[in-house]
Amino acid sequence: MIADAVIQKHLVTASFALTLVEGLQFLRLDPPRLRMAVSVRVVVVLLAGALAVGSNGELTLNTTSDGFEISFNAIKFKVHSCMSVTKTFVPKPQIFEHSSADPIVWLGSGVANFSETHGMFQLQDEIIDKIPLSDYTQVSTQPTLIQLTLQSHLDPTLTFDLVVSEVSSTQVDISTRAVYSREAYNRIWVRLYADEDERVWGGGEQYTYLNLRGRYFPIWTSEQGIGRDGGVIANITDIDGNAGGEYYTTYWPQASFLSSRRYSCLIPDRHYLVLNFTEDSRHEVMIHNDVFRASLVFGASLLETVQAVTTHMGPQPQLPDWVITGTTIALQRGTDEMLFYYEEAKAAGANVSGIWIQDWSGYIQTYFGHRVYWNWRWNGTHYPDLDKVIEQLRGEDVRVLAYINPMLIEGGDMYEEAKALGHLMTDAQGEVFKQDVGGFLVGKVDLMAPDSLAWYRDEMEKNMLNLGFGGWMADFGEYTRLDMYSSNTEYDQEETHNLIPVQWAKCNREVVENTGQLGEVVPFMRSGGLGSSTYQLLAWAGDQNVDWSFGDGLPSTIIAALSLAVSGMGVTHFDIGGYTTQAPVLVRTKELLLRSAEYAVFTPVMRTHEGNKPDHNHQFYSDEDTLLQFSRLTQMHARLHPYTRSLLQDLQATGTPVQRPLFLDFEGDAGSWDMSYQYLYGADLLVAPILYKGDVTQTVYLPGGASWVHLWGDGTAVSGGANITVSAPMGYPPVFYRHGSTWTALFQEISQEFGSGGRWALKQ
């Protein structure tokens with residue numbers, strides 16, 4: 001009701017009126033106690049309304065010798081062509097292909113066990129039985145609705161109605177109605193048709209693979225893990241705390257995906273589920289439930305499909321000028337040190353518009369490093385005169401930002417108040433559940449309970465907005481164990497776990513919206529799920545290693561941004577230089593910091609982080625040369641402001657993500673489809689960050705169908721559809737702009753000002 005209702009608000013528009021049987025609530029799960037009813041209906045909907053192109057869709061049922069096919073010719077697809085395309089791509093219209101040997105629905109039962117250590121979850125899922133629904137009979141076939149009954153000879157009492165309902169030329173519902181006497185079924189498997197060469201992207205925020213095909217992805221919010229690639233760091237952290245992670249562990253898993261067949265599938269079930277893309281002929285979804293709901297959103301192109309999903313979910317509103325123009329620098333350890341390094345950066349020419357002090361509430365030293373004291377009130381001893389400093393800096397058009405999460409440290413006054421008021425999650429006996437988060441114990445605010453959510457929202461307004469903060473890192477949201485209980489009993493434990501990140505986003509959005517500061521104050525978050533993009537203003541990629549590893553270092557932030565882009569979250573950024581430090585094995589170098597910063601120039605928000613062990617990491621202020629190079633990059637980012645603003649306006653108006661994969665704009669270019677570590681920054685800038693230590697050249701793929709100009713070159717336009725190798729010394733990231741762009745004058749000014757001979761040129 002709380003989080004899902006908002007998704008419903010955006011998805012169920014006038015053009016997306018749900019007329020399905022029995023008053024289906026589209027993105028809403030019934031409370032657990034009602035799921036044992038004799039009759040349950042599940043619906044899959046091909047959504048409508050966002051894309052008014054082409055004629056009405058055509059929903060068809062074709063019987064075969066041993067089953068059936070259900071297809072949907074959604075719209076008149078656009079035909080793309082360019083020099084690098086060898087054949088015209090026309091996606092097949094199949095939704096389902098069913099046979100007795102390969103049925104599309106299976107029902108079964110199992111027992112799961114989730115264990116948690118510092119936000120990392122280990123799942124053991126034992127399947128007791130899995131029954132294929134191989135037999136079928138045709139019930140009704142109409143131009144916009146197909147209803148079939150699926151049965152299994154293994155359980156004659158089990159009857160499953162499948163309903164596929166066309167809502168418009170671009171959307172359809174698919175539902176199942178299960179009628180049976182047993183209550184033991186708690187697993188469902190549904191198989192959608194797939195082509196052998198089909199690509200799949202999305203899944204929320206993934207880090208290791210952009211194309212998800214060939215792998216499975218559990219949808220369960222957790223820490224992303226440290227290492228994640230099976231290397232030395234992952235092995236160390238697995239031994240020391242089970243924190244190594246896997247290729248699929250993520251703060252923001254989302255039960256959705258984009259198919260190269262120009263549709264997006266959204267599955268609004270909050271239970272544990274697995275998106276399985278390992279088979280050539282099917283995409284299988286397994287859910288800890290006995291029902292299945294989804295939405296297939298079709299577009300005339302991949303870009304229009306993503307635009308439709310983002311718009312339906314609710315595109316992110318405009319960010320203020322200050323956060324996209326200047327750079328936000330991370331500083332700590334009290335008022336004097338914060339002002340010292342700010343003045344030093346300003347004197348070096350840095351364009352600073354934000355100072356992020358995560359330890360504003362105090363600090364505690366643990367084995368993991370310098371940690372914030374989780375009592376979200378101003379610590380006047382640690383930061384004397386902070387209120388006056390915030391006001392003074394505001395006069396210089398600089399905002400001070402803070403840090404918060406939904407957990408309170410035991411012994412802090414906020415913890416004691418929340419405990420007395422009943423605002424913390426409890427154990428089975430009704431006592432406050434205390435979690436070890438790495439050196440201290442905390443209680444978690446019960447964000448699922450309306451009264452507790454309102455209390456925390458009011459505390460944030462009083463303690464943060466009234467002090468004058470311009471934004472904050474809204475951290476965590478992933479740590480809810482299955483033996484933690486909310487006073488809101490409407491959802492079971494699995495649903496609660498996956499819903500809390502959405503509720504945390506809702507809380508932060510309401511804090512700024514209710515006080516009239518939307519568009520001025522900027523919370524940024526790492527955790528999420530389906531529905532989070534409805535509330536979030538800005539995402540960040542989380543806690544990457546301070547290294548070059550593709551599993552959990554700098555390169556993984558590109559995959560993170562692009563997978564979120566096709567999942568409905570169109571504006572993201574990352575910690576410059578990474579976060580997770582494990583000295584002496586893993587420390588940030590000067591090269592990594594500056595390569596990371598030059599890539600961040602071509603993102604909406606440029607923000608540093610000192611890391612969990614600042615003294616072991618190279619910082620922007622570590623030496624004079626670093627400070628000068630960093631200052632130059634902040635000025636470059638500021639010069640891009642007019643272009644960045646136009647991208648954010650486009651996101652809000654059309655749902656077009658700011659950073660996006662090449663194939664969204666160049667779908668007809670076969671070479672663009674598998675480019676995972678390059679991205680478009682808007683339609684007119686192509687960015688290919690340096691991702692290997694010591695590299696001073698870069699081979700860049702230029703999409704076909706356009707000509708491109710190297711930002712640091714001689715102005716010569718190069719035809720796309722080929723690779724080109726360019727020099728990339730430090731401070732000159734591999735960037736190309738589209739020949740003939742309306743922003744050519746701005747790009748040329750940046751090239752002249754920051755290139756060889758310009759005001760901000762670097763001495764090589």
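For the single chain, residues carry numbers from 1 onward in sequence order. Heavy-atom basis, side chains included; hydrogens, waters and symmetry copies ignored.
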Novice: List the atom of M675, the atom of L210, and the distance in Å for their closest heavy-atom pair.
Specialist: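 Heavy atoms of M675 and L210 come nearest at O-CD2, 4.0 Å.
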
Novice: Just verifying a value: how many Å separate L711 CG and L686 CG, rounded to the nearest 0.5 Å?
Specialist: 11.5 Å

Novice: Relative to each other, are the rings of F574 and Y599 parallel, tilted or perpendicular (30° and 60° limits)?
Specialist: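 The arrangement is parallel - the two ring planes meet at less than 30°.
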
Novice: Looking at Y247, is its backbone amide N or carbonyl O close enough to the side chain of R228 to form a donor-acceptor pair, meaning the two atoms are under 3.5 Å apart?
Specialist: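 Yes; at least one donor-acceptor contact below 3.5 Å.
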
Novice: Step through it carefully: locate the ring centre of W504, locate the ring centre of Y251, and say whether they are under 6.0 Å apart.
Specialist: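 They do not qualify: ring centres at least 6.0 Å apart.
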
Novice: Identify the heavy atoms of L530 and V502 that sit nearest to each other, and give their distance.
Specialist: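 That closest heavy-atom pairing would be O-CG2, 3.9 Å.
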
Novice: Is there any salt bridge (Lys or Arg N to Asp or Glu O under 4.0 Å) pair reaching into residues 536-545, and which pairs are they, with sequence neighbours excluded?
Specialist: R526-D543

Novice: Within the structure provided, determine whether S556 and T208 are in side-chain contact (heavy-atom separation under 4.5 Å).
Specialist: no

Novice: Let me confirm one number: the CZ-CG distance from F747 to L685, rounded to the nearest 0.5 Å.
Specialist: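 Reported to 0.5 Å precision, the distance equals 4.0 Å.
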
Novice: Would you say P661 and W201 make side-chain contact, with heavy atoms under 4.5 Å?
Specialist: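 Side-chain contact under 4.5 Å: no.
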
Novice: Using modelled atom types only, decide if a donor and an acceptor are shared between the side chain of W708 and the backbone of P703 within a distance under 3.5 Å.
Specialist: yes

Novice: How about V285 and D269: do any of their side-chain heavy atoms sit closer than 4.5 Å?
Specialist: no

Novice: Please assess V687 against T603 for the test side chain to side chain contact (heavy atoms under 4.5 Å, CB included), listing each intermediate value before the final yes or no.
Specialist: CA-CA 10 Å; V687 186; T603 65; over 6 Å; no

Novice: Hey, could you give me the CD/OG distance between Q503 and S527, rounded to the nearest 0.5 Å?
Specialist: 11.5 Å

Novice: Compute whether any side-chain donor of one residue and acceptor of the other, for S71 and E69, lie under 3.5 angstrom apart.
Specialist: no

Novice: Within 45° of the axis and under 6.0 Å from the centre of the six-membered ring of Y209, does NZ or CZ of R215 qualify?
Specialist: yes

Novice: Which atom names give the shortest non-hydrogen contact between Y207 and G551, and what distance separates them?
Specialist: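 Closest heavy-atom pair between Y207 and G551: CB-O, 4.5 Å.
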
Novice: Decide yes or no for P218 and L123: does some side-chain heavy atom of the first lie under 4.5 Å from some side-chain heavy atom of the second?
Specialist: no

Novice: Who passes salt bridge (charged side-chain N to carboxylate O under 4.0 Å, His left out) against R595, sequence neighbours left out?
Specialist: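 Testing R595 for salt bridge (charged side-chain N to carboxylate O under 4.0 Å, His left out), a comparison that skips the adjacent residues, returns E598.
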
Novice: Aromatic ring centroids of Y677 and F550 under 6.0 Å?
Specialist: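 Centroid distance Y677-F550: below 6.0 Å, so yes.
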
Novice: Please name the pair of heavy atoms, one in I558 and one in P689, separated by the smallest distance, quoted to 0.1 Å.
Specialist: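 The answer is CD1-CG, 3.8 Å.
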
Novice: Side chain of N545, backbone of D547: donor and acceptor closer than 3.5 Å?
Specialist: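 Such a contact is absent between N545 side chain and D547 backbone.
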
Novice: The test is side chain to side chain contact (heavy atoms under 4.5 Å, CB included); show your working for D669 and Y701 and say whether it passes.
Specialist: CA-CA 11 Å; D669 175 27; Y701 179 76; 2.8 Å; yes

Novice: Less than 3.5 Å apart, any donor N or O on the side chain of Q224 or D552 sitting next to an acceptor on the other?
Specialist: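 On atom types as modelled, these side chains qualify, holding a pair under 3.5 Å.
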
Novice: Can you check whether L554's main-chain N or O pairs, donor with acceptor, with T557's side chain at less than 3.5 Å?
Specialist: yes

Novice: Does E667 come within less than 4.0 Å of R262, counting only side-chain N to carboxylate O?
Specialist: yes

Novice: Could you please spell out the steps behind the side chain to side chain contact (heavy atoms under 4.5 Å, CB included) verdict for S259 and E198?
Specialist: CA-CA 7 Å; S259 164; E198 184 176 342; 2.4 Å; yes

Novice: Applying side chain to side chain contact (heavy atoms under 4.5 Å, CB included) to F217 and F257, what does each step give before you reach the verdict?
Specialist: CA-CA 11 Å; F217 294 85; F257 62 87; over 6 Å; no

Novice: Would you name the heavy atoms of R213 and R282 that are closest together and state the gap between them?
Specialist: NH2-O, 4.4 Å

Novice: Taking the side chain as everything from C-beta on, heavy atoms only, tell me whether M286 gets closer than 4.5 Å to N276.
Specialist: no

Novice: Donor-acceptor pair, S741 side chain versus D684 backbone, under 3.5 Å?
Specialist: no

Novice: Please check if atom NE2 in H641 has more than 12 non-hydrogen atoms from other residues, nucleotides or ligands closer than 6.0 Å.
Specialist: yes

Novice: Taking atom types as modelled, is there a side-chain donor on T644 or Y681 under 3.5 Å from an acceptor on the other?
Specialist: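 Their side chains do contain a donor-acceptor pair, which is all the 3.5 Å distance test asks for.
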
Novice: With no hydrogens and no angle check, is any side-chain donor or acceptor of Q206 less than 3.5 Å from a backbone partner on T250?
Specialist: no

Novice: Determine whether V200 and L275 make a side-chain contact, defined as any pair of heavy atoms from C-beta on separated by less than 4.5 Å.
Specialist: no

Novice: Would you say the ring centers of F96 and F72 fall short of 6.0 Å from each other?
Specialist: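 Ring centres of F72 and F96 not closer than 6.0 Å.
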
Novice: Is the side chain of R660 donor-acceptor paired with the backbone N or O of A565 at a distance under 3.5 Å, no angle test?
Specialist: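 Absent.
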
Novice: Using only atom types and a distance under 3.5 Å, with no angle test, would you say the side chain of R645 pairs donor to acceptor with the backbone of Q318?
Specialist: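 Answer holds: no.
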
Novice: Test of understanding: with side chain to side chain contact (heavy atoms under 4.5 Å, CB included), list the residues that count as partners of S222, not counting sequence neighbours.
Specialist: F121, T249

Novice: Within the 4.5 Å heavy-atom criterion, are T310 and L651 side-chain neighbours or not?
Specialist: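 Yes - at least one pair of side-chain heavy atoms lies under 4.5 Å apart.
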
Novice: Evaluate the side-chain proximity of S563 to W252: yes if any heavy-atom separation is below 4.5 Å, no if none is.
Specialist: no

Novice: T305 side chain to G299 main-chain N or O, any donor-acceptor pair under 3.5 Å?
Specialist: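 Between the backbone of G299 and the side chain of T305 there is a qualifying donor-acceptor contact (under 3.5 Å).
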
Novice: Main chain of Q94, side chain of E97: is a donor-acceptor contact present, judged purely on distance under 3.5 Å?
Specialist: no

Novice: E494: what forms a side chain to side chain contact (heavy atoms under 4.5 Å, CB included) with it, not counting sequence neighbours?
Specialist: F114, W220, H271, Y272, H288, L482, D492

Novice: OG of S301 to CG of L664: how many Å apart, nearest 0.5 Å?
Specialist: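 Result: 8.5 Å between the selected atoms.
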
Novice: Just jot down the salt bridge (charged side-chain N to carboxylate O under 4.0 Å, His left out) partners of D674, sequence neighbours excluded, or say none.
Specialist: R199

Novice: Centroid-to-centroid, F602 to Y679, below 6.0 Å?
Specialist: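 So the answer is no for these two rings.
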
Novice: Who pairs with H573 by side chain to side chain contact (heavy atoms under 4.5 Å, CB included), at least two apart in sequence or on another chain?
Specialist: F524, L538, W540, V605, R607

